[in-house]
Novice: 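Just passing along the structure, written as structure tokens.
All values below come from the heavy atoms of this structure, side chains included, with hydrogens, waters and symmetry mates left out. Just so you know, residue 1 is the first one in the sequence shown, and it goes up from there.
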Amino acid sequence: MVRKKGTDSAGGESSKSHDTGVGSGRGSQGPPQQLGRGEGGGGYSVGGRGWVPQLQQPSRGGYGAGGPFEYQSRGRGGPSQRRGYRGVRGHGGYVPFPSGPSRQHVPEQHQATEPFETAVTPQLNRSEAGKPEHVPLTEQFQHLSINQEASQAIQPAPPPSKPLRFPRRPGLGCEGTKFVVKANHFFAEFPNKVLYQYDVIITPKVTLRGVNREVMQQLVNLYKCSDLGECDPACDGRKSLYTAGSLPFESKEFKVTISDDDGRKREFKVMIRLAGRDQVDVPKDAIQALDIVLRELPATNASYCPVGRSFYFRDEPRKDLDQGLQAWRGFYQSTRLTQRGLSLNIDVSSTAFIQPLPVIEFVTKLLNRNVSSGHLYDADRVKALLGVKVQVTHRGNIRRKYRISGLTSQATGQLTFPVDERGTEKSVVDYFSETYGITIQRTQWPCLQVGRQQRPIYLPMEVCKIVDGQRYSKRLNEKQITGLLEFTCQPPKNRDNDILKLKYCDIGKQKNCLPQIGQWNMRDKQMVDRGTVNNWICISFCSKVGPKLAQQFCFELERTCRIYGMAFTSRPVIPPLNAFPDQVEEVLKTQYRNAMNKLQRQNNEFDLLIAILPDNNGSLYGDLKRICETDIGIVSQCCLSKNVLDIKGSYLTNVINVKVGGSNTVLAAAIPPVSDGRTIIFGADVTHPSPGEDSSPSIAAVVASKDWPEITKYAALVCTQAHRKEVIQDLYKTWQDPVRGIVSGGMIKEHLISFQRANGGHKPERIIFYRDGVSEGQFSHVLREELDDIRKACASLEPNYKPTVTFIVVQKRHHTRLFAKDHNDLKFADIKGNILPGTVVDSDICHPTEFDFYLCSHAGIMGTSRPAHYHVLWDENNFTADALQILTNNLCYTYARCTRSVSIVPPVYYAHLAAFRARFYMERETSESGSRLGSSRSTRGPNGSVAVRPLLALRENVKRFMFYC
């Protein structure tokens, strides 16, 4: 869309349905090429900048950006009124603790400053952008000295190879209108003290952090006024202790005695000695030390339950979730190094805890049925008790605590144990009756097994109660997730108080579509690249949907696809039919053979299977996908019965189009870094098994674009790797072939070959690699390994083939939030109070020297928007801040599954979907009881190395489509 000179335009990046975002700005002449920009900072308002992409003809492709926008509904029948606006630039914001001001939760001598706001000029030119407003790195620690002579710094020894140096920020972005947003960061001030680190060795060795803290707290209580010289140290609960000022000794051993729950005394020896380590990175470890110091007060306060960097309130209202769980509220805190100095990032937090119920009552809720009598036949679900801490209720005031290690294979009424050296046996039932006068009622149930495996202790469930304050770390079911989200989600104003163009095919009535606060619809529009479905079948695995209703649904689906421009044959190859879910494999293979026999006579290929599933379908969905994609080799689209009963065929149109090779939308305005040379965009992710699945492998997924310059079609490859291994192992690999010798391959090479075939034999000149799921502590290691594999894969195609590489980490699990300065001002916030899509922050709260930025590319649906954090670890393409931010934002409008912009770049989103799908491809194992286990197991080879079973291979005729959508 082109604006006339002097007119205002509006635009904003769209986003993912369950996330939130912001963008705003004003265009002046020509296409809106501006974005909403914000600068964030610790405990202060920050300038915001927003922008919207512009779309081009499909033949021209590429990506562009539009201006920040404001959308305002006029409430009348005509088109919506949109107008651009100008913002101002500022800094900071905050989220106060639910129970009071933030300074309640930090030690008195390390208080966070009050949030503040500073006026900043609304204009920022390129020269100013190169000079971010922050003190030099050396000055940031002027109040925090490191004793280099005594402790030799607080960093551990350097790694074997020198850490890679990440690219410096190329300057601040200046596209877009600047305006004020707030961030939940507080500037922190620290006294002029020397920070010392000491090593702590506790004997006998203790594995539980809580016991370590109890030992150290008792040590401080006993020796603070004497041997510790009035110092009040902070301990990490493991092996490190920090003090502001030195202790009166370099090494000293102490004796400490603590009491168990049943009153028994336990004696420990504690050795404290000055740490002697090589200096590597003072700022990084100083921040780590300050994190520990700032966590010391809430960690030792009985009002809080610490979980990682979060602290949950024991005394605040809780929400009951499904099956014996409850949601707790709390807060998260972390020290960050920013352009404005040290800041304290504070956010509200919530998670699931196990209800402190009698075990019998917990099991009743867990099984969701009356279990007052009869056998406990659903023992598999009761395994949720494993690892849970319980306290006994049959010993009066002695409430000893145990951790459940298992359930007995025998019922309580059949259990006996030796009572003397002669081997005399006594039943558990008789023991409790004679010793405690308790008659065990549920003798058919198993006992809880606690203690050591060599000498187990048996406890009937009815004499045990679950200890309060235990976080539930296993996978939540759908009902529990819904309940937790309802408990967690808060409008931005509440959370704050508690702490664009798109292009469609020219044939449609509307060729261009301007997103309105990150979303649009397909009415009067057609796809850019319309897919074809000539040969298809429909099978219903739901008893509520018979052949007649299935046929009506398929007719509506076919009609809608045609309206949006797809070629969709009205008649299936064979009539729709019904089948039972437990017959899925037999039915799929039989009907596929029947269809192919008919098609082969006509020399045609099979395009699509439409499968109708019950709303609650258990493993049926995964089984169907595994069979279709790794065995038969067909693309499938599943539909839930509730949507079929409502005859909602339109909701599937976008997804079906990309699954059969089409494209829904492309961006119009070209971006030079992409349009000037053939560019391939990768997305990579590693998903790990749920807590408790200790033998399941991790799954890596890598997707890559094939169509240049449109960049809307992504092929996906997946593989298994060692349990919780973060570095992707199969980016590049070599093996010995008996005929060809050493052969190279891997996911990068396969994607490059695929791109080359799709683009007339031309290899990409540029690689942009978006990597998800990497924590800051893994940056150097992951970059070193994976960048090396990318280089090797390129060289394996051609010795001198060296495309330029940009490697970007995408982080979405962080606690930085951005808030509009005025939640009610619709120029800068949506009707829910969230910032607008297209808001970017690259100053103040960002890294002092490295190239990173926060981008809110989506419109908020529930709760408060969470911006994505992009951190550039390698950049041979020499992106400017504006170029990379606009490219990233515009990509978020090309997600195929919905008509909204999403919160992270689609290639990363697609990689996550592909990795999730791959868990269905694991070979199923059978348990002793005959039930099927849903995960492949890692095994150890003769040399102790971990061998991971590979995934079932994808069929070639599935690989070439976006089957994972």
Novice: Could you report the tightest heavy-atom contact between Pro614 and Leu640, atom names first, then the distance?
Specialist: O-CD2, 3.7 Å
Novice: Side chains of Phe541 and Leu620, heavy atoms from C-beta outward: is any pair under 4.5 Å?
Specialist: yes
Novice: Mind jotting down which residue pairs meet the ring-ring contact (aromatic ring centres under 6.0 Å, His included) criterion with at least one end in residues 199-228? Sequence neighbours excluded, please.
Specialist: Tyr223-Phe254
Novice: Side chains of Met461 and Arg442: closer than 4.5 Å at any heavy-atom pair?
Specialist: no
Novice: So Arg403 and Val450, side-chain contact (heavy atoms from CB on, under 4.5 Å) or not? Walk me through it.
Specialist: CA-CA 6 Å; Arg403 193 172 297 276; Val450 301; over 6 Å; no
Novice: Can a cation-pi geometry be assigned to Arg318 and Phe353, taking NZ or CZ under 6.0 Å from the six-membered ring centre and within 45° of the ring axis?
Specialist: no
Novice: Please test Gln449 against Ser405 for side-chain contact (heavy atoms from CB on, under 4.5 Å), starting from the C-alpha separation and ending with a verdict.
Specialist: CA-CA 6 Å; Gln449 184 172 315; Ser405 60; 4.0 Å; yes
Novice: Minimum heavy-atom separation for Leu476 and Leu484, please, with both atom names.
Specialist: CD1-CD2, 4.0 Å
Novice: Is Asn345 reaching over with its side chain to a backbone N or O of Thr335, donor-acceptor style, under 3.5 angstrom?
Specialist: no
Novice: Between Ser350 and Thr488, does any side-chain donor sit less than 3.5 Å from a side-chain acceptor?
Specialist: yes
Novice: Do Pro204 and Arg266 come close enough that some side-chain heavy atom pair is under 4.5 Å?
Specialist: no
Novice: List in chain and number order the residues that pass salt bridge (charged side-chain N to carboxylate O under 4.0 Å, His left out) with Glu776, two or more places apart in sequence or in another chain; answer none if no residue qualifies.
Specialist: Arg336
Novice: Measure the shortest side-chain to side-chain distance between Tyr312 and Ser349 over non-hydrogen atoms and say whether it is less than 4.5 angstrom.
Specialist: yes
Novice: Under a 3.5 Å cutoff, is there a donor and acceptor pairing between the side chains of Ser240 and Tyr198?
Specialist: no
Novice: Just by distance, with hydrogens left out, do Asp685 and His912 show a side-chain donor and acceptor under 3.5 Å apart?
Specialist: yes
Novice: Is there side-chain contact between Asp232 and Lys224, with at least one heavy-atom pair below 4.5 Å?
Specialist: yes
Novice: Pick out which of Glu361, Gln326, Lys365 makes a side chain to side chain donor-acceptor pair (under 3.5 Å) with Gln355.
Specialist: Lys365
Novice: Run the salt-bridge test on Asp236 and Arg209 with the 4.0 Å N-O cut-off and return the result as yes or no.
Specialist: no
Novice: Just by distance, no angles: are the side chains of Lys265 and Thr257 close enough, under 3.5 Å, to form a donor-acceptor pair?
Specialist: no
Novice: Apply salt bridge (Lys or Arg N to Asp or Glu O under 4.0 Å) to the pair Asp199 and Lys239, showing each step before the final yes or no.
Specialist: CA-CA 6 Å; Asp199 293 331; Lys239 298 180 179 180; over 6 Å; no
Novice: Could you tell me whether a side-chain N or O of Ser427 sits under 3.5 Å from a main-chain N or O of Asp430, the two making a donor and an acceptor?
Specialist: yes
Novice: Nearest 0.5 Å please: distance from the CG atom of Asp315 over to the OG atom of Ser303.
Specialist: 5.5 Å
Novice: Which pairs, with at least one residue in residues 407-426 and sequence neighbours excluded, count as a ring-ring contact (aromatic ring centres under 6.0 Å, His included)?
Specialist: Phe417-Tyr431
Novice: Does Asp291 have any salt bridge (charged side-chain N to carboxylate O under 4.0 Å, His left out) partners at least two apart in sequence or in another chain, and if so, which?
Specialist: Arg309
Novice: State whether the side chain of Gln410 and the backbone N or O of Pro446 hold a donor-acceptor pair below 3.5 Å, judged by distance alone.
Specialist: no
Novice: Determine whether Gln323 and Phe362 satisfy the following criterion, side-chain contact (heavy atoms from CB on, under 4.5 Å), listing intermediate values before the conclusion.
Specialist: CA-CA 8 Å; Gln323 295 184 358; Phe362 175 79; over 6 Å; no
Novice: Minimum heavy-atom separation for His815 and Asn184, please, with both atom names.
Specialist: O-ND2, 2.7 Å
Novice: Between Ile258 and Glu267, is the side-chain contact (heavy atoms from CB on, under 4.5 Å) condition met? List the steps.
Specialist: CA-CA 7 Å; Ile258 62 173; Glu267 186 174 287; over 6 Å; no
Novice: According to salt bridge (charged side-chain N to carboxylate O under 4.0 Å, His left out), who are the partners of Arg422, at least two apart in sequence or on a separate chain?
Specialist: Asp420
Novice: For Val293 and Ala234, which heavy atoms make the closest approach, and how far apart are they?
Specialist: CA-CB, 3.8 Å
Novice: Please find the pair of heavy atoms, one from Pro233 and one from Thr243, that lie closest to each other, and give the distance.
Specialist: CB-CG2, 3.7 Å
Novice: Rounded to the nearest 0.5 Å, how far does CZ of Phe580 lie from OG of Ser543?
Specialist: 8.5 Å
Novice: With a 4.5 Å cut-off on side-chain heavy atoms, are Phe268 and Leu219 touching?
Specialist: no
Novice: Tell me if the centroids of the rings in Phe331 and Phe313 come within less than 6.0 Å of each other.
Specialist: yes
Novice: Looking at residues at least two apart in the chain, or sitting in another chain, which of them share a salt bridge (charged side-chain N to carboxylate O under 4.0 Å, His left out) with Glu434?
Specialist: Lys426
Novice: Val270 versus Glu253: any side-chain heavy-atom pair under 4.5 Å?
Specialist: no
Novice: For residues Glu462 and Val359, determine if any side-chain heavy atom of one lies less than 4.5 Å from a side-chain heavy atom of the other.
Specialist: no
Novice: Heavy atoms only: give me the nearest Trp328-Cys305 pair and the separation to one decimal.
Specialist: CZ3-CB, 3.9 Å
Novice: Applying the side chain to side chain donor-acceptor pair (under 3.5 Å) criterion to Ser698, which one of Glu726, Arg724, His688 satisfies it?
Specialist: His688
Novice: Between Gln333 and Asp347, is there a donor-acceptor pair closer than 3.5 Å when you use the side chain of the first and the backbone of the second?
Specialist: no
Novice: Atom CZ of residue position Arg273 - does it have more than 12 heavy atoms of other residues, nucleotides or ligands inside 6.0 Å?
Specialist: no
